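Structure, as structure tokens:
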Number of protein chains: 2
Amino acid sequence: MSRPTVTDIAKAAGVSLATVDRVLNARPGVRRQTIQRVNEAIERIGYVRDVTAANLARQRRYHFAFVLPEAPGEFVPLLRKALEEAAASSIIDRTDLTITSVPPNDPHVIVKTLQRLRADGIDGVAIFSPETPRLRDEIAHLKESGVAVVALISDLPNTNRDHFIGIDNIAAGRTAGVLMGRFLGGASGAILVLTSSMQGRANAERRLGFDTVMARQFPGIEVLPSLEGHDDPDTIRRVVSNALDRHGDLAGIYSLGTGNGVLINLLKERGRPDTLVVIAHELTHNTRRALEEGTLDAVINQNVGHIARSALRVLRAKTDDIDILSAQEHIRIEIVLRENLY
Amino acid sequence: MSRPTVTDIAKAAGVSLATVDRVLNARPGVRRQTIQRVNEAIERIGYVRDVTAANLARQRRYHFAFVLPEAPGEFVPLLRKALEEAAASSIIDRTDLTITSVPPNDPHVIVKTLQRLRADGIDGVAIFSPETPRLRDEIAHLKESGVAVVALISDLPNTNRDHFIGIDNIAAGRTAGVLMGRFLGGASGAILVLTSSMQGRANAERRLGFDTVMARQFPGIEVLPSLEGHDDPDTIRRVVSNALDRHGDLAGIYSLGTGNGVLINLLKERGRPDTLVVIAHELTHNTRRALEEGTLDAVINQNVGHIARSALRVLRAKTDDIDILSAQEHIRIEIVLRENLY
DNA sequence: ATTGACATGAGGTACGTACCTCATTAACGT
DNA sequence: ACGTTAATGAGGTACGTACCTCATGTCAAT
């Protein structure tokens with residue numbers, strides 16, 4: 001007893017195949033009561049459309065575009081690589097993928113890119129960008145044109161994007177905070193927070209979560225004002241060096257944006273005290289090696305492979321107007337130590 | 001510029017469609033040099049088989065069976081639920097799923113079940129069971145019959161199963177150990193380890209990893225001999241109560257198997273010191289609530305949803321003799337705190 | 001009664017692949 | 001030269017769905 005087909009619906013509803021087809025694909029020319037009769041038959045026999053066969057018949061190809069910032073650091077290239085890997089696998093069946101790099105923090109170029117994609121008749125876009133008024137407007141246009149839109153890594157909450165694929169950065173900050181506090185184990189001292197100008201929202205949220213936890217659960221620890229690295233290696237090196245010199249009682253370092261490479265090198269050059277707790281975000285070549293060597297104590301990670309595959313699945317589901325399996329699409333806040341480094 | 005099809009291969013290789021088909025599906029009756037010519041054409045024009053169309057034409061249905069133990073605790077039911085959820089989604093397209101419960105630790109019944117499945121012409125089985133000689137033999141038979149076999153949760157390393165879907169339990173134990181040691185923050189004291197008879201191998205491995213880390217990195221902490229709960233609520237309650245009474249200097253509890261429900265209740269009844277660190281395995285209703293309430297400090301988890309979907313994907317890939325995306329199928333050792341509880 | 005609008009049916013082709021049958025050709029041994 | 005066997009071609013049907021055309025039926029407005 002295999003799955004019922006359209007023919008079975010026709011038999012069950014006492015109509016022809018053509019009518020079933022009209023109902024299924026919302027084509028005009030069917031009386032309301034007939035539509036209902038067909039739908040009842042569908043319910044009754046438990047018909048589920050064979051999406052793969054439908055796509056075959058439809059000659060359906062999905063055109064998706066990813067708009068990624070040309071941001072410094074290893075994270076975006078890793079995400080890009082994960083996308084290309086997913087594209088090589090069967091997940092991407094019948095879909096064409098465009099990956100566009102745009103200068104970060106340039107709303108004009110991002111909007112222009114999206115406009116071009118919309119003109120090209122794209123089916124869905126995944127956008128990794130801070131939210132700006134012009135981007136908001138363009139997303140509204142995209143949605144009006146029937147384009148599926150998902151926000152990637154950094155949410156665009158005041159737009160009507162279909163979905164956000166990424167982590168809750170406040171919770172990520174809280175997680176980092178708890179780890180910091182507990183790893184310090186009652187020790188007192190100051191904590192250096194290293195931030196970067198990229199992805200202002202995400203960084204601010206992480207900082208917020210971190211501060212909340214530190215203030216509430218670990219009042220004995222002083223969290224210093226953020227150090228701005230401005231994504232520039234030399235600047236990062238200088239400000240971190242200064243801070244390390246100035247604070248003899250440094251208990252921990254929380255790096256919540258880019259600039260981990262410089263930080264790690266600096267710690268290795270200067271030698272780091274055993275008791276110092278260093279926590280960073282995103283598992284990359286640098287941070288992975290640093291975990292292995294003990295330069296980093298923990299990394300808060302969002303799995304780029306999962307994000308890439310999830311984005312593709314969600315875009316496809318949204319263009320087909322199909323439900324997503326929300327448990328599968330939830331991006332987890334991963335805590336990575338040397339011991340569960342995979 | 002759509003994808004090349006079999007017809008394009010035929011044209012490019014200068015052979016008929018029938019020959020292309022024979023080559024593609026490894027049917028007999030083609031000269032070696034012709035096979036080569038066709039394969040070259042495939043290479044040249046970059047043909048990739050349209051798996052969905054192939055499956056449609058093939059009328060392929062996958063018959064997979066999951067053999068799960070009727071084990072105590074919440075974990076197996078959660079896994080079962082995850083399987084049923086995956087089955088309701090499109091992942092399961094064209095596949096029939098059988099979930100069989102067997103009494104744990106009864107090799108006879110497990111083998112009988114597998115034999116029956118083999119006789120029924122199953123395409124693949126996922127087995128969650130300890131390894132026994134008779135199971136080993138039956139897996140060899142299954143493989144000979146062309147059945148795909150994956151080990152679930154607990155590996156069957158001395159068999160020729162196609163794949164293991166689960167975590168590295170030694171690493172999981174190490175992870176728990178490091179968390180325990182660092183959360184204790186230099187405090188000294190004794191650690192209670194609560195084990196269960198189920199899944200002997202997994203528990204032993206976790207214990208091994210835990211002990212290794214404690215001995216090497218936290219020599220000031222004494223790890224007590226395992227307490228056996230024998231999966232019996234009353235026994236667990238009794239032995240844990242005794243231990244709590246006896247050890248006034250208890251610093252931490254590591255529960256590496258089932259019995260978390262009883263443990264959590266006991267801790268709540270007796271009141272738990274703030275400094276006590278309690279770490280358990282598997283995120284369930286009980287442990288989730290305990291994390292929220294602060295009764296547990298951390299949970300080491302393997303994601304049942306991921307495991308279920310991965311098992312289905314791997315079984316399908318193995319029966320089709322297709323490569324798997326190993327990054328996607330890697331089951332991570334998740335560290336779950338209250339802050340990154342999803 | 002005629003017209004037209006709408007609803008429905010009948011039957012087809014297509015998507016890309018699998019798999020079947022039958023006919024034809026080439027290569028071989030005797 | 002003959003039969004035998006292996007290799008190949010030609011042409012079909014099928015999978016489940018989409019989408020097209022054309023014919024026919026029904027009903028209400030004129």
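To find a chain, count down the sequence lines: A is the first, B the second, and so on, and within it residues start at 1. Computed from a predicted model, the values in this text were never measured in an experiment.
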If I take atom [atom1] in residue [X] and atom [atom2] in nucleotide [N], what distance separates them, rounded to the nearest angstrom?
X	N	atom1	atom2	answer
Leu56(B)	dC15(D)	CG	P	9 Å
Asp21(A)	dC19(D)	CG	P	7 Å
Arg60(B)	dA18(C)	CZ	P	12 Å
Tyr62(B)	dC15(D)	OH	P	18 Å
Asp320(A)	dT17(D)	CG	P	14 Å
Asn55(B)	dA18(C)	CG	C1'	11 Å
Asp8(A)	dC15(D)	CG	C1'	13 Å
Lys11(B)	dT8(D)	NZ	C1'	19 Å

- Please tell me which of Leu17(B) and Arg58(B) maps to the more 5' nucleotide of DNA chain D, matching each residue to the nucleotide holding its nearest heavy atom. Leu17(B)
Less than 4.0 angstrom from a charged side-chain N to a carboxylate O is my criterion; do [X] and [Y] meet it?
X	Y	value
Arg316(B)	Asp123(B)	no
Arg161(B)	Asp155(B)	yes
Arg80(A)	Glu84(A)	yes

- Item | Nearest to side-chain heavy atoms of Gln59(B), which nucleotide of dG9(D), dC15(D), dT17(D) | dC15(D)
- Message: Please list, in numerical order, the residues of residues 22-34 of chain A that have a heavy atom closer than 4.0 Å to any atom of DNA chain D.
- Response: Asn25(A), Arg27(A)
- Are Ile139(A) and Leu156(A) close enough that some pair of their side-chain heavy atoms sits under 4.5 Å apart? yes
- Tell me, do Ser310(A) and Ile331(A) make a side-chain contact under 4.5 Å, heavy atoms counted? yes
- Using the side-chain hydrogen bond (donor to acceptor under 3.5 Å, both in side chains) rule, take Thr52(B) and Asp50(B) through it: C-alpha gap first, then chi angles, then the decisive distance, then the call. CA-CA 6 Å; Thr52(B) 58; Asp50(B) 184 326; 2.7 Å; yes
- Query: Of Ile127(B), Leu152(B), Ile153(B), which meets side-chain contact (heavy atoms from CB on, under 4.5 Å) against Leu68(B)?
  - Reply: Leu152(B)
- Query: Start at the 5' end of DNA chain C and walk down; is the nucleotide closest to Ala18(A) or to Arg49(B) reached first?
  - Reply: Ala18(A)
- Message: Students often get this wrong, so: under 4.0 angstrom with heavy atoms, is Ala54(A) touching a base, only sugar-phosphate, or nothing?
- Response: sugar-phosphate
- Task: Give Val51(A) one of three labels, base, sugar-phosphate or nothing, depending on what nucleic acid heavy atoms sit under 4.0 Å from its own.
- Result: nothing
- Task: Report yes if at least one side-chain N or O of Ser16(A) is closer than 4.0 Å to OP1 or OP2 of dG9(C); otherwise report no.
- Result: yes
